[in-house]
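One structure is given here, and the rest of the page talks about it.
Keep in mind that what you see is a predicted model, and the values were worked out from it rather than measured. In what follows, chains are A, B, ... by sequence order, proteins preceding strands, each numbered from 1.
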2 protein chains.
Amino acid sequence: MGLDPGKEEQNAALQKMRKRVIETIGRNMDLYGISLSTGHLYGLLYFADKPMTLDEMGSEMKMSKTSMSTGVRTLLDLKMVNKVWEKGSRKDLYEVEYDWYQTFTDFFDIKWRKSVETNILILRKSMEEINKLEKEYAEDPEMVDLLHKDKAKLRDAYAYYQWLDRLIDTFENGDIYKLVPKELPDEI
Amino acid sequence: MGLDPGKEEQNAALQKMRKRVIETIGRNMDLYGISLSTGHLYGLLYFADKPMTLDEMGSEMKMSKTSMSTGVRTLLDLKMVNKVWEKGSRKDLYEVEYDWYQTFTDFFDIKWRKSVETNILILRKSMEEINKLEKEYAEDPEMVDLLHKDKAKLRDAYAYYQWLDRLIDTFENGDIYKLVPKELPDEI
DNA sequence: TACTTTGTACAGTTTTTACTGTACGTTCTT
DNA sequence: AAGAACGTACAGTAAAAACTGTACAAAGTA
């Protein structure tokens with residue numbers, strides 16, 4: 001893990017601690033839709049004391065470089081890791097985004113926002129169609145009733161997605177920290 | 001979908017609209033860690049005008065009852081659907097939780113909160129261990145430096161998880177709606 | 001009590017996802 | 001310009017997840 005090789009043995013306890021935290025982090029990564037091993041990769045990078053190359057990751061994870069490449073890309077897409085430039089090195093270097101609040105925000109901005117937007121589009125379109133059908137079947141009370149029920153559902157869904165959109169806004173613009181401030185950690 | 005069978009043809013446009021919305025809902029369900037077909041099942045239940053049985057779901061989804069059973073269970077675990085009691089029927093009936101704000105909150109309470117709690121536990125444990133190691137290796141400056149760096153990382157992580165915990169609190173106790181109020185939907 | 005009906009456990013199958021090794025285009029070095 | 005090092009596309013393989021059908025336990029019915 002980038003440690004002075006001569007100290008490996010001495011650091012057994014430290015390594016064990018790190019490993020446990022890395023696995024815990026990795027295991028929880030499924031919340032972000034990330035596979036276990038990519039989660040582990042993230043944990044590894046989290047504790048690396050310097051940016052790592054694909055080869056280094058591969059040898060630490062005992063996995064192929066190809067897998068590291070795809071794993072890193074997944075993490076890059078979610079902005080959980082950043083590409084780092086270092087003069088002199090031809091290899092690409094990566095390090096985690098250590099600001100987890102930012103990572104949280106990015107996740108919602110990237111994944112949830114996209115979802116919200118497409119859903120809102122579909123709902124608009126569907127609502128238009130219902131309005132059209134309402135005129136078409138105006139003399140069919142049963143059909144009108146059905147249409148009204150669906151309309152109410154779509155309206156509720158639409159309101160919810162707009163709320164979600166505004167919630168994500170507060171993550172992005174930082175208003176959320178007015179309601180839930182970042183605090184100094186309790187003594188642990 | 002519970003419609004008068006005699007009206008099937010007439011309702012083709014309505015069915016098409018529903019199907020599109022159902023698929024959109026279903027597709028976005030991966031945000032909740034739910035498979036596509038379970039997402040579709042959810043969408044189906046969303047538009048059902050009454051609670052459905054496993055058999056009804058199976059025939060609508062053209063899938064086995066076993067799959068419906070496991071799918072419903074997944075949704076029940078996330079409190080996305082509720083079991084409904086109806087006198088006279090021996091079959092179990094299910095309907096979606098129509099309050100999506102509640103569903104959103106439940107999701108974080110069930111999935112994220114659990115994650116936060118185990119992480120906090122592991123971090124505490126690891127921090128203790130680091131403190132022990134610090135005493136043990138007090139005369140090894142290099143090791144002390146390493147330990148300090150890890151300690152800082154753990155502390156940051158801890159602070160973040162506490163923040164997340166408080167954020168989820170605001171979902172649960174409704175304070176979030178002070179910052180991001182539920183609003184009447186725009187005209188759509 | 002014997003007979004149905006209902007939901008799910010479980011084993012087997014299919015489908016999807018994760019992972020590997022090779023090959024190749026690109027970029028840097030000399 | 002030739003050669004070396006790097007990252008990734010791609011095809012093939014291994015592992016995991018989703019799905020099905022059967023079998024059975026639990027609970028209702030006659």
Side-chain angles (χ1 to χ4, degrees), chain A residues 22-23 25-45 48 50-78 80-95 111, chain B residues 22-23 25-45 48 50-78 80-95 111:
Chain A
I22 287 173
E23 293 202 347
I25 290 174
R27 209 169 323 115
N28 295 163
M29 280 297 203
D30 69 323
L31 291 179
Y32 298 95
I34 282 176
S35 73
L36 187 60
S37 60
T38 303
H40 282 165
L41 175 60
Y42 178 86
L44 173 68
L45 287 170
K50 55 176 172 32
M52 291 181 78
T53 66
L54 293 178
D55 287 309
E56 287 166 348
M57 297 174 208
S59 79
E60 285 286 344
M61 299 273 298
K62 292 183 177 61
M63 283 176 69
S64 73
K65 196 168 158 183
T66 306
S67 294
M68 297 302 100
S69 178
T70 60
V72 163
R73 177 142 56 162
T74 302
L75 294 171
L76 275 175
D77 288 346
L78 287 173
M80 288 178 163
V81 309
N82 299 308
K83 201 166 189 167
V84 170
W85 293 104
E86 204 169 88
K87 57 178 180 290
S89 175
R90 274 170 63 190
K91 305 193 182 197
D92 295 351
L93 291 161
Y94 302 94
E95 76 177 348
K111 290 277 204 173
Chain B
I22 287 173
E23 293 202 346
I25 291 174
R27 210 169 323 116
N28 294 165
M29 280 296 203
D30 69 325
L31 292 179
Y32 298 94
I34 281 176
S35 74
L36 188 61
S37 61
T38 303
H40 282 165
L41 175 60
Y42 178 87
L44 173 68
L45 287 170
K50 54 176 173 34
M52 291 181 79
T53 67
L54 292 179
D55 287 310
E56 285 166 349
M57 296 174 209
S59 79
E60 285 286 345
M61 298 273 297
K62 292 183 178 60
M63 284 176 70
S64 72
K65 196 169 158 183
T66 305
S67 294
M68 296 303 100
S69 178
T70 61
V72 163
R73 176 141 54 163
T74 302
L75 295 171
L76 275 175
D77 288 346
L78 287 173
M80 288 179 165
V81 309
N82 299 308
K83 201 167 188 166
V84 170
W85 293 104
E86 203 169 271
K87 57 176 182 288
S89 175
R90 276 169 60 189
K91 304 193 181 195
D92 295 350
L93 291 162
Y94 302 94
E95 77 178 347
K111 290 276 204 175

In B/S/- notation (B base, S sugar-phosphate only, - none; protein heavy atoms under 4.0 Å), nucleotides 1-17 of chain D written 5' to 3' is ----BSBSBB-------

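Annotation: side chain to side chain contact (heavy atoms under 4.5 Å, CB included) contacts of Thr66(B) (sequence neighbours excluded): Ser64(B). With sequence neighbours left out, Glu86(B) forms a side chain to side chain contact (heavy atoms under 4.5 Å, CB included) with Leu93(B). With sequence neighbours excluded, the residues satisfying side chain to side chain contact (heavy atoms under 4.5 Å, CB included) with Ser37(A) are Ser35(A), Met63(A). Residues passing the side-chain hydrogen bond (donor to acceptor under 3.5 Å, both in side chains) test with Asp77(B): none are found, sequence neighbours excluded. Qualifying side chain to side chain contact (heavy atoms under 4.5 Å, CB included) partners for Asp55(A), counting only residues two or more places apart in sequence or in other chains: Thr53(A), Lys65(A), Lys91(A).
Side-chain contact between Leu45(B) and Met52(B) is present, with heavy atoms from C-beta onward closer than 4.5 Å.
Residue whose closest nucleotide on DNA chain C sits further toward the 5' end, between Ser64(A) and Gly88(A): Ser64(A).
If you measure from atom CE of Met61(B) to atom C1' of dT20(D), you get 14 Å, rounded to the nearest angstrom. With rounding to whole Å, Asp30(B) atom CG is found 16 Å from dA18(D) atom C1'. Rounded to whole Å, atom C1' of dA18(C) lies 14 Å from atom CG of Leu41(A). One can place CE of Met52(B) at 15 Å from P of dT6(C), the figure rounded to the nearest angstrom. Across the protein-nucleic acid pair, Leu75(A) atom CG and dA18(C) atom C1' stand 15 Å apart, rounded to whole Å. Nucleotide dT20(D) holds its P atom 13 Å from the NZ atom of Lys62(B), rounded to whole Å. If you measure from atom CE of Met57(B) to atom P of dT6(C), you get 14 Å, rounded to the nearest angstrom.
Between Ser67(A) and dA18(C), a side-chain N or O to OP1/OP2 separation shorter than 4.0 Å is absent.
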